[in-house]
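Below: the structure, in structure tokens.
We count ligands from 1, going down the list as the structure has it; atoms in each ligand are counted the same way. In this chain, residues are counted from 1 in sequence order. These numbers come from the heavy atoms of this one structure, side chains and all, not from hydrogens, waters or symmetry mates.
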Amino acid sequence: MSHKSAKDFFRPLAVGAPAPPREIPARPSRAIHFFDPSNEKMAAKIPAMVGTVDVLLGNLEDAVKADNKVAAREGLVRIAQSTDFGPTQLWTRINSLDSPWVLDDLTTLVPAIGDKLDVIMVPKVQGAEDIHYVDRLLAQLEAKAGLTKPILIHAILETARGVANVEEICGASPRMQGLSLGPADLAADRKMKTTRVGGGHPGYLVRQDPPKGDDGTAQIDAQRTVFQQDLWHYTIAKMVDACATHGIYPYYGPFGDIADVVACEDQFRNAFLLGCVGTWSLHPKQIAIANRVFAPSVEDIAHARRVVAAMGDGTGAVMIDGKMEDDASLKQCLVLVELAEQLAEIDPELKAAYDAIETPEA
Ligand SMILES: CC(=O)SCCNC(=O)CCNC(=O)[C@H](O)C(C)(C)COP(=O)(O)OP(=O)(O)OC[C@H]1O[C@@H](n2cnc3c(N)ncnc32)[C@H](O)[C@@H]1OP(=O)(O)O
Ligand SMILES: CC(=O)C(=O)O
Ligand SMILES: [Mg+2]
């Protein structure tokens with residue numbers, strides 16, 4: 001758990017730093033869209049993407065060539081200073097804490113664009129000590145820069161030790177905003193025998209039992225249905241529980257098979273159903289998938305509103321379409337209705353779709 005006493009937890013870690021947040025606002029973040037600020041073609045597209053995606057993230061870590069680390073950092077400063085992000089959040093992913101670049105990342109970004117950065121994503125977080133380090137450094141830099149709003153921290157869960165320490169990571173600082181799954185590094189660190197960036201694997205499966213022959217013996221060579229399983233189920237579920245416990249937000253991560261938009265949608269939807277609030281987008285075409293998946297469907301909202309209306313004061317049990325609804329199913333429906341309301345505030349298309357649902361009588 002935290003190195004601080006309960007009374008100290010919400011005190012600034014440097015004289016003059018802004019007070020740490022007591023709650024992390026539920027800002028829509030269906031897609032965290034990654035771009036390499038050192039890639040001029042990609043960077044040129046960013047201003048026009050404002051308003052089309054919930055989060056734009058200037059990536060400084062993996063996928064940025066070592067020779068381009070300084071250009072990426074400077075490119076991000078330039079883009080942030082010259083762009084009005086309106087409703088879109090600006091995040092960055094800094095280099096890992098053991099890298100030769102991270103100190104310059106933080107000491108450059110916070111004074112230059114700290115007023116525009118909503119969240120700093122920290123990769124390869126191993127335990128609370130990593131968050132404590134960033135927490136104190138951010139407080140010092142914020143104080144020096146005269147910032148009035150604390151920058152939040154998001155940790156990537158991408159080492160076995162990080163997964164084992166997920167609870168203490170979530171509770172390490174009031175700045176903790178959320179966690180993302182880092183399936184590529186996590187697979188390597190765990191020594192999983194995969195070569196992909198997220199998603200499933202055809203070898204990770206369950207096979208239907210063999211039929212029995214006339215003599216009662218198992219026909220193991222018969223045609224049998226196989227069901228591919230989700231390699232990430234355990235980690236995502238663990239991450240969701242840790243985030244919910246600490247009042248912060250869980251996200252799926254990257255889906256590297258950019259061409260396979262169908263499997264990408266499946267993976268995102270699994271994460272949405274399990275409790276994640278969003279995911280990463282590596283390529284512009286993944287934004288639409290994330291925006292679609294991480295918003296409740298019109299059908300779900302129509303049903304949820306019927307349950308809310310039928311449940312009156314929220315106690316007791318009612319029957320709707322042959323199914324029992326009670327306090328607990330009402331709470332699930334309220335999760336969906338509240339999310340729909342938040343998204344409707346920033347997405348006119350969704351608002352129109354939700355508004356068109358016929359309101360049930362109370
Ligand atoms: C495991 C991890 O750490 S995951 C996180 C780190 N990885 C990343 O951040 C990867 C980010 N994405 C990318 O680098 C690229 O999208 C790649 C390498 C996957 C594919 O790039 P390309 O082969 O150029 O893709 P493609 O040819 O389809 O691009 C089409 C257009 O979209 C642009 N584009 C591609 N990706 C992005 C992006 N993330 N943001 C903005 N524009 C983009 C391209 O510049 C190109 O522009 P053009 O039409 O003017 O030429
Ligand atoms: C997300 C990430 O950094 C990884 O999968 O390694
Ligand atoms: Mg990684």
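With hydrogens left out, the protein atom closest to atom 26 (P) of ligand 1 is H283 NE2, 3.5 Å, a heavy atom. Among protein heavy atoms, the minimum distance from atom 15 (C) of ligand 1 is reached at M42 CE, 3.8 Å. For atom 31 (C) of ligand 1, the nearest protein heavy atom (residue, atom name, distance) is K45 CE, 4.4 Å. The nearest heavy-atom contact from the protein to atom 12 (N) of ligand 1 is L282 O, 2.8 Å. Looking from atom 36 (N) of ligand 1 to the surrounding protein, the closest heavy atom is P284 CD, 3.6 Å.
Side-chain contact between Y251 and H154: present, with at least one pair of heavy atoms (C-beta onward) separated by less than 4.5 Å. At a threshold of 4.5 Å between non-hydrogen side-chain atoms, the residues P20 and P150 do not count as touching.
Protein heavy atoms are found inside the 4.0 Å sphere centred on atom 39 (N) of ligand 1. In this structure, atom 44 (C) of ligand 1 has its sub-4.0 angstrom surroundings free of protein heavy atoms. Within the 4.0 Å cut-off (strictly below), a protein heavy atom is located near atom 3 (O) of ligand 1. Checking atom 23 (O) of ligand 1 against the protein gives no heavy-atom contact under 4.0 Å.
Interface atoms of ligand 1 facing R93, defined by a heavy-atom separation under 4.0 Å, are 3 (O), 5 (C), 6 (C). Residue-ligand proximity, N59 to ligand 1, at heavy-atom distances under 4.0 Å covers atoms 6 (C), 9 (O). Shown in contact with H33 at under 4.0 Å from a heavy atom are these atoms of ligand 1, numbered in order with element: 38 (C), 39 (N), 40 (N), 41 (C). The contact set between ligand 1 and A63, taken as ligand atoms under 4.0 Å from a residue heavy atom, comprises 6 (C), 7 (N), 8 (C). Contact atoms of ligand 1 toward D62: 6 (C) (distance under 4.0 Å to a heavy atom of the residue).
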Applying salt bridge (Lys or Arg N to Asp or Glu O under 4.0 Å) to K124 and D98, what does each step give before you reach the verdict?
CA-CA 10 Å; K124 301 176 177 71; D98 61 354; over 6 Å; no

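Using a distance-only test at 3.5 Å, with no hydrogens or angles considered, a donor-acceptor pair links the side chain of N165 to the main chain of Q126. Remark: the backbone N or O of F227 is paired with a side-chain donor or acceptor of Q229 at under 3.5 angstrom. Under a 3.5 Å cut-off, the side chain of H283 and the backbone N or O of K285 do form a donor-acceptor pair. R196 places a side-chain N or O within 3.5 Å of a backbone atom of G200 that can act as its donor or acceptor partner. Of the possible donor and acceptor atoms, none in the side chain of T83 sits under 3.5 Å from a partner among the backbone N and O of P47. Side-chain atoms of Y252 do not come within 3.5 Å of backbone N or O of N270 as any donor-acceptor pair. At distances below 3.5 Å, at least one donor-acceptor pair connects side-chain atoms of T279 with backbone N or O atoms of G253.
V293 and V335 fall into different hydrophobic clusters, where Ile, Leu, Val, Met, Phe, Trp and Tyr are joined by side-chain heavy atoms under 4.5 Å apart, directly or via other members. Note: the hydrophobic cluster containing W280 also contains F35 (ILVMFWY, side chain heavy atoms under 4.5 Å, direct or indirect links). When hydrophobic clusters are built by joining Ile, Leu, Val, Met, Phe, Trp and Tyr residues whose side-chain heavy atoms come closer than 4.5 Å, directly or via intermediates, L141 is grouped together with W91. Taken together through direct or relayed side-chain contacts under 4.5 Å among Ile, Leu, Val, Met, Phe, Trp and Tyr, L13 and V110 form parts of separate hydrophobic clusters.
Ligand 1 has an N or O atom lying under 3.5 Å from an N or O atom of F34, backbone or side chain. Between W280 and ligand 1, no pair of N/O atoms sits closer than 3.5 Å. Backbone and side-chain nitrogen or oxygen atoms of A184 are examined, and none is located within less than 3.5 angstrom of a nitrogen or oxygen of ligand 1.
In summary, R269 and E265 engage in a salt bridge, as defined by a charged side-chain N under 4.0 Å from a carboxylate O.
For the Mg ion (ligand 3), the neighbouring protein N/O/S atoms at less than 2.8 Å, given as residue and atom, are E158 OE1, D185 OD2.
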Could you pull out every N or O of ligand 2 that sits under 3.5 Å from a protein N or O, with the distance for each pair?
{"from": "ligand 2", "atom 1": "3 (O)", "to": "R93", "atom 2": "NH1", "distance (Å)": "3.0"}
{"from": "ligand 2", "atom 1": "3 (O)", "to": "E158", "atom 2": "OE1", "distance (Å)": "2.8"}
{"from": "ligand 2", "atom 1": "5 (O)", "to": "G182", "atom 2": "O", "distance (Å)": "3.4"}
{"from": "ligand 2", "atom 1": "5 (O)", "to": "P183", "atom 2": "N", "distance (Å)": "3.1"}
{"from": "ligand 2", "atom 1": "5 (O)", "to": "A184", "atom 2": "N", "distance (Å)": "2.7"}
{"from": "ligand 2", "atom 1": "6 (O)", "to": "E158", "atom 2": "OE1", "distance (Å)": "2.9"}
{"from": "ligand 2", "atom 1": "6 (O)", "to": "D185", "atom 2": "N", "distance (Å)": "2.8"}
{"from": "ligand 2", "atom 1": "6 (O)", "to": "D185", "atom 2": "OD2", "distance (Å)": "2.9"}

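Residues Y249 and S29 have side chains that never bring a donor and an acceptor to within less than 3.5 angstrom of each other. In the model, R93 has no side-chain atom that pairs as donor or acceptor with a side-chain atom of S180 under 3.5 Å.
Counting heavy atoms closer than 4.0 Å to ligand 1, residue E40 contributes nothing at all. When non-hydrogen atoms are compared, ligand 1 lies under 4.0 Å from neither the backbone nor the side chain of E61.
Screening residues 141-151 for side chain to side chain donor-acceptor pair (under 3.5 Å), with sequence neighbours left out, gives D118-K149, E142-R175. Within the structure, the side chain to side chain donor-acceptor pair (under 3.5 Å) test picks out the following pairs touching residues 9-26 (sequence neighbours left out): D8-R11.
Heavy-atom separations between D36 and ligand 1 are all 4.0 Å or longer.
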